[in-house]
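Notes to accompany the following structure.
Numbers restart at 1 for each chain; the letters A, B, ... are given by sequence-line order, proteins then strands.
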Amino acid sequence: MSDSNVRVRFAPSPTGPLHMGGVRTALYNYLFAKQLGGKFILRLEDTDQTRFVAGAEDYIVEALKWCGISPDEGVSVGGPHEPYRQSERKPMYRKYAEELIEKDLAYYAFDTSEELEAVRERAKEAGNANFQYNYITRNSMKNSLTLPAEEVQKRLESGEPYTIRIKLPRNEEVKFEDMIRGWVSVNTANMDDKILLKADGMPTYHLANIVDDHTMEISHVIRGEEWLPSAPLHIIMYQYFGWEAPQFAHLPLLLRPDGNGKLSKRDGDRLGFPVFPLRWENKETGDTASGYREQGFFPEAFINMLAFLGWSPGDNREMFVLDELVKEFSIPKVSKSGAKFDFEKAKWYNQQYLRKLSNEELATLLQPILEEKGVAVPAHDTFIRIIDLVKERAVFVEDIYEEGHFLFHEPRGYDEKSVSKKWKGEESAAIVRDLAARFEEEEFTAEALENNFKAYLAEKGLGFGQAGPVLRIAVVGTMTGPSAFEMMELLGKDETLRRMNKTIEDLA
RNA sequence: GGCCCGUUCGUCUAGCGGUCCAGGACAUCGCCCUUUCACGGCGAAGAUCACGGGUUCGAAUCCCGUACGGGUCACCA
């Protein structure tokens, strides 16, 4: 189990909360590694100091923890390849970039951001949609390939800022076999000399990523499809360094339910559902975004739902907890096309998991929710009976209260629609008055109450529709809910009659 | 715009040359259960497998083209 050479990593950039697409990427990596007895590593790609967001790292760690995805190595757990934050690995990258320069596979570039921008602007005006720093254009730029050696030396020694760019061949086909997509091929003529080392001395994603994946002995790179266009560059870099490249798998994107385009962090709650696993609060800006956990989702349901967005076991089964996913997951079965996220299906999953829980378990989960709402927690037996009566209409644990609040305490007033539709003034009040009188001397069981009620209907020649809804309104204030007689038994004689009498006064 | 990737019911998907005039799930609708609502059960509707060419005795499945969609083109990841 542990002698596997499989090592995968999830390497988010801590620029904010992790969104659900990121969680899915982490999940697939985790499933792949666990199935093969490999290691799952959590690495932080924080080389862009301008985009640092406080709290993002903790958020990522906590989100994965909530999902049950635990790293074998990485930030927060440590491991043999520490540190796992790229910012802390900064000193080691430069030498790799310089190694490439020595091999004439990279070069120093002195063009400033402003100059580059100007060049791009000019190219655009000339009708050239996108300028590429490549085999051709690098000859007219300021770099160690065009400048005299002495001048390059002088600039370097004077401390002038510079970047290091990779030197790509002019016209070479780069191929690699993606585990999901098969052979992908791109010509270097369509690529550009990407910056490997930035002027601030930090590596770009490309350099840091390749160096870290290699030094951390990553065997498989499973990441989002947005990386597919730069995969050929990475392949070339492995070749330049003389390293064996890992296997690649580019995952399909998670799409927004409305229209097109990938689901992004900015979608936030705009579409009526969370895009983040946990609630997020940016302490600096005060921005907040809701999370699945806080919405009442079970991590099992969230994970199950997420796993099926882009993957299926190949048959009709669709309920899988993490351990089962580990057994069944398969990269080749991951679909190639993006998946539109459907919140309704997410809720359905939650409902399925809720229904697996016992009344006792639900009570344990519901109790803190009631306390938070300031609702008195009923005596244990009563609590369990309420849960038993209401749980089948709940998607979230909280729904047990929402759907049956009138069993925990007095109804929150009367449901307008029910009253306007079914309550006929004095006529209805008379029925409730009659029933209250009959129930007074009744043993308070659902069965006895129902028999008594039926006897009353027969006596008066009333149809159920004339008295049933009225009774229900009198007891719980609305027309929906579990069996009226079951609820009355649960409420007990005193409370039931009290409510009935109160309703007569309120609505008569 | 260049390059790359993709395209089966509204949505997620099964399907990897014949068993598919395409199966499941969510959503929708109907019936039953319940003299309420929900749950549950049963059922319906819903995909000319993007389109057009090939290959083959035979294609949703293989090949080519077209269209459409997406991704990507930063000293961001």
Side-chain angles (χ1 to χ4, degrees), chain A residues 11-15 45-48 50-51 86 109 111-113 116-117 120 124 127-133 161-165 178 180-182 184-187 189-192 194-206 208-209 223-232 250 252-253 255 257 260-262 305 308-319 332-333 335-349 351 355 390-395 399 403 418 422 450 454 457 463-469 471-473 476 478-484:
Chain A
S13 182
T15 55
E45 311 232 327
D46 57 349
T47 54
D48 185 357
T50 64
R51 296 210 304 163
Q86 288 183 332
D111 320 278
T112 64
S113 300
L116 285 168
E117 197 150 316
R120 287 198 187 94
K124 196 180 276 180
N128 193 344
N130 71 310
F131 166 81
Q132 292 203 152
Y133 206 118
Y162 65 88
T163 61
I164 294 179
R165 305 188 89 112
D178 187 276
I180 295 172
R181 285 151 214 287
V184 175
S185 171
V186 181
N187 194 294
N190 297 313
M191 297 163 61
D192 63 349
K194 281 276 181 303
I195 288 175
L196 301 181
L197 199 75
K198 300 187 262 186
D200 66 359
M202 274 289 192
T204 57
Y205 170 83
H206 305 293
N209 188 263
R223 77 230 295 197
E225 190 185 348
E226 68 269 26
W227 291 109
L228 196 50
S230 48
H250 290 91
L253 265 15
L255 273 17
N260 295 308
K262 65 173 179 177
M305 174 276 291
F308 272 70
L309 240 35
W311 172 82
S312 99
D315 51 38
N316 290 336
R317 293 170 301 155
E318 53 184 349
M319 297 304 294
K333 283 205 166 100
S335 66
K336 296 178 174 68
S337 49
K340 270 187 189 172
F341 170 67
D342 178 13
F343 192 55
E344 290 304 317
K345 188 82 182 232
K347 287 196 288 192
W348 177 80
Y349 268 113
Q351 186 178 35
R355 296 179 59 172
V390 186
K391 69 175 176 186
E392 62 209 23
R393 54 203 4 133
V395 168
D399 292 345
E403 294 291 323
S418 304
K422 295 291 179 184
E450 186 169 355
K454 283 179 176 163
L457 291 185
F464 187 93
Q466 290 165 279
L471 173 62
R472 183 175 279 279
I473 288 169
V476 298
T478 183
M479 278 176 46
T480 61
S483 152

TODO: May I ask you to say what G481(A) touches in the nucleic acid, namely base, sugar-phosphate or nothing, with a heavy-atom cut-off under 4.0 Å?
DONE: base
TODO: With a 3.5 angstrom cut-off on both distances, give the Watson-Crick or G-U wobble partner of G69(B), or none if there isn't one.
DONE: C5(B)
Open item on the list: Taking K347(A) first and then E344(A), would you say they form a salt bridge - that is, a charged N and a carboxylate O separated by under 4.0 Å?
Closed with: yes
TODO: Go through U13(B), C26(B), C75(B) for me and flag the one nearest to the K345(A) side chain.
DONE: C26(B)
TODO: Quick one: label D111(A) by what it contacts on the DNA or RNA (base, sugar-phosphate, nothing), any heavy atom closer than 4.0 Å.
DONE: base
TODO: Any strand is fair game: report the nucleotide pairing with A27(B) by Watson-Crick or G-U wobble, both distances under 3.5 Å, or none.
DONE: none
Open item on the list: For a quick check of understanding: with a heavy-atom distance under 4.0 Å over all strands, which category does R317(A) fall into, base, sugar-phosphate or nothing?
Closed with: nothing
- [ ] In whole angstrom, give me the gap between the P atoms of C26(B) and A67(B).
- [x] 39 Å
Open item on the list: Closest-nucleotide mapping onto RNA chain B: is W348(A) or A11(A) further toward the 5' terminus? I mean the 5' end.
Closed with: W348(A)
Task: Atom-to-atom span, CG of N316(A) to P of G15(B) - whole angstrom - done: 10 Å
TODO: Could you please name the partner base of U48(B), counting Watson-Crick and G-U wobble pairs only when both distances are under 3.5 Å?
DONE: none
- [ ] Between Y205(A) and K262(A), name the one whose nearest nucleotide on RNA chain B is closer to the 5' end.
- [x] K262(A)
- [ ] Would you mind classifying the nucleic acid contact of T480(A) as base, sugar-phosphate or nothing, using non-hydrogen atoms under 4.0 angstrom?
- [x] base
Open item on the list: Rounded to whole Å, how long is the line connecting atom CE of M479(A) with atom C1' of U35(B)?
Closed with: 11 Å
Open item on the list: Please classify the nucleic acid contact of R472(A) as base, sugar-phosphate, or nothing, using heavy-atom distances under 4.0 Å.
Closed with: base
Open item on the list: Taking A394(A)'s backbone N and O only, do any of them form a donor-acceptor pair with E403(A)'s side chain (distance below 3.5 Å, no angle check)?
Closed with: no
Task: G71(B) phosphate, OP1 or OP2, under 4.0 Å from R181(A) side-chain N/O - done: no
Task: Touch class at under 4.0 angstrom, heavy-atom based, for S483(A) against every strand present - done: base
Task: Lys/Arg-Asp/Glu bridge criterion (N-O < 4.0 Å) met for D192(A), K194(A) - done: yes
Open item on the list: Heavy atoms only, 4.0 Å cut-off, all strands: where does L197(A) land among base, sugar-phosphate and nothing?
Closed with: nothing
- [ ] Using atom CD of E392(A) as one end and atom P of U36(B) as the other, report the distance to the nearest whole Å.
- [x] 14 Å
Open item on the list: Checking side chain to side chain donor-acceptor pair (under 3.5 Å) between H250(A) and each of E226(A), R223(A), K336(A), which is the one that passes?
Closed with: R223(A)
Task: Distance, C1' atom - from U55(B) to C42(B), rounded to whole angstrom - done: 46 Å
- [ ] Using only side-chain N and O atoms of S13(A), determine if any of them is under 4.0 Å from OP1 or OP2 of C76(B).
- [x] no
Task: Closest to the L457(A) side chain, choosing from G71(B), A74(B), U35(B) - done: U35(B)
TODO: State plainly whether the residues R51(A) and D48(A) are in salt-bridge range, i.e. N to O under 4.0 Å.
DONE: yes
TODO: Could you give the distance separating C39(B) and C31(B) at their P atoms, to the nearest angstrom?
DONE: 16 Å
Task: Geometric class of the H206(A)/W227(A) ring pair [parallel <30°, tilted 30-60°, perpendicular >60°] - done: perpendicular
Task: Cationic N near anionic O, under 4.0 Å, R181(A) to E225(A) - done: yes
Task: Euclidean distance, atom CG of residue L196(A) to atom P of C75(B) [Å, nearest integer] - done: 12 Å
Task: Euclidean distance for C1', U56(B) against A74(B) (whole angstrom) - done: 50 Å
TODO: Give the nucleotide from the list C75(B), U35(B), G6(B) with an atom nearest to the side chain of T112(A).
DONE: C75(B)
Open item on the list: Please name the nucleotide paired to U36(B) by Watson-Crick or G-U wobble geometry with both distances under 3.5 Å, or report none.
Closed with: none
TODO: Among C12(B), C75(B), C3(B), find the nucleotide with the atom closest to the side chain of N190(A).
DONE: C3(B)
- [ ] Compare side-chain N and O positions of R120(A) against OP1 and OP2 of A74(B) and report whether any pair is under 4.0 Å apart.
- [x] yes
Open item on the list: Are W348(A) and M305(A) packed together at the side-chain level, in the sense that at least one heavy-atom pair is separated by less than 4.5 angstrom?
Closed with: no
Open item on the list: At 4.0 Å (heavy atoms only), tell me whether S312(A) reaches a base, stays on the sugar-phosphate, or touches nothing.
Closed with: sugar-phosphate
TODO: Check every strand shown and say whether N130(A) touches a base, only sugar-phosphate, or nothing at a heavy-atom separation below 4.0 Å.
DONE: base
Task: Worked verdict on K454(A) versus F464(A) for side-chain contact (heavy atoms from CB on, under 4.5 Å) - done: CA-CA 8 Å; K454(A) 283 179 176 163; F464(A) 187 93; over 6 Å; no
Task: Shortest side-chain distance from L228(A), nucleotide among C5(B), U35(B), C76(B) - done: C5(B)
TODO: Remember a base hit wins even if backbone is also touched, and classify S337(A) as base, sugar-phosphate or nothing at under 4.0 Å, heavy atoms.
DONE: sugar-phosphate
Open item on the list: Heavy atoms from C-beta onward define the side chain here; which of C39(B), A77(B), G71(B) lies closest to that of T204(A)?
Closed with: A77(B)
Open item on the list: When the C1' atoms of A45(B) and U11(B) are compared, how many Å lie between them, rounded to an integer?
Closed with: 16 Å
Open item on the list: Considering every strand and a 4.0 Å limit on heavy-atom distances, what is the contact class for P482(A): base, sugar-phosphate, or nothing?
Closed with: base
Task: Interatomic distance, F131(A) CZ vs G1(B) C1' [rounded to whole Å] - done: 17 Å
TODO: Show the numbers, then the answer: is there a side-chain contact (heavy atoms from CB on, under 4.5 Å) between M479(A) and K422(A)?
DONE: CA-CA 9 Å; M479(A) 278 176 46; K422(A) 295 291 179 184; 3.3 Å; yes
TODO: Provide the distance between the two P atoms, one in C20(B) and one in C16(B), to the nearest whole Å.
DONE: 11 Å
TODO: Under 4.0 Å between any heavy atoms, over every strand shown, what does T15(A) touch: base, sugar-phosphate, or nothing? Just pick one.
DONE: nothing
Open item on the list: When both hydrogen-bonding distances must be under 3.5 Å and the geometry is Watson-Crick or G-U wobble, what is G18(B) paired with, if anything?
Closed with: C57(B)
- [ ] Starting at atom CD of E318(A), determine the distance to atom P of A14(B), rounded to an integer number of angstrom.
- [x] 12 Å
Open item on the list: How many whole angstroms separate atom CG of N187(A) from atom P of C5(B)?
Closed with: 13 Å
- [ ] Mind calculating the distance between CG (D342(A)) and C1' (G24(B)) to the nearest angstrom?
- [x] 15 Å
Open item on the list: Please classify the nucleic acid contact of V184(A) as base, sugar-phosphate, or nothing, using heavy-atom distances under 4.0 Å.
Closed with: sugar-phosphate
Open item on the list: Classify G127(A) by what it touches in the nucleic acid, base, sugar-phosphate, or nothing, heavy-atom distance under 4.0 Å.
Closed with: nothing
- [ ] Look at the side chain of R51(A) and the base of C76(B), then say whether one donor and one acceptor between them are separated by less than 3.5 Å.
- [x] yes
TODO: Measure from the side-chain heavy atoms of P229(A) and tell me the nearest of U35(B), G40(B), G71(B).
DONE: G71(B)
- [ ] Between G71(B), C76(B), G40(B), spot the one nearest the side chain of K198(A), thanks.
- [x] C76(B)
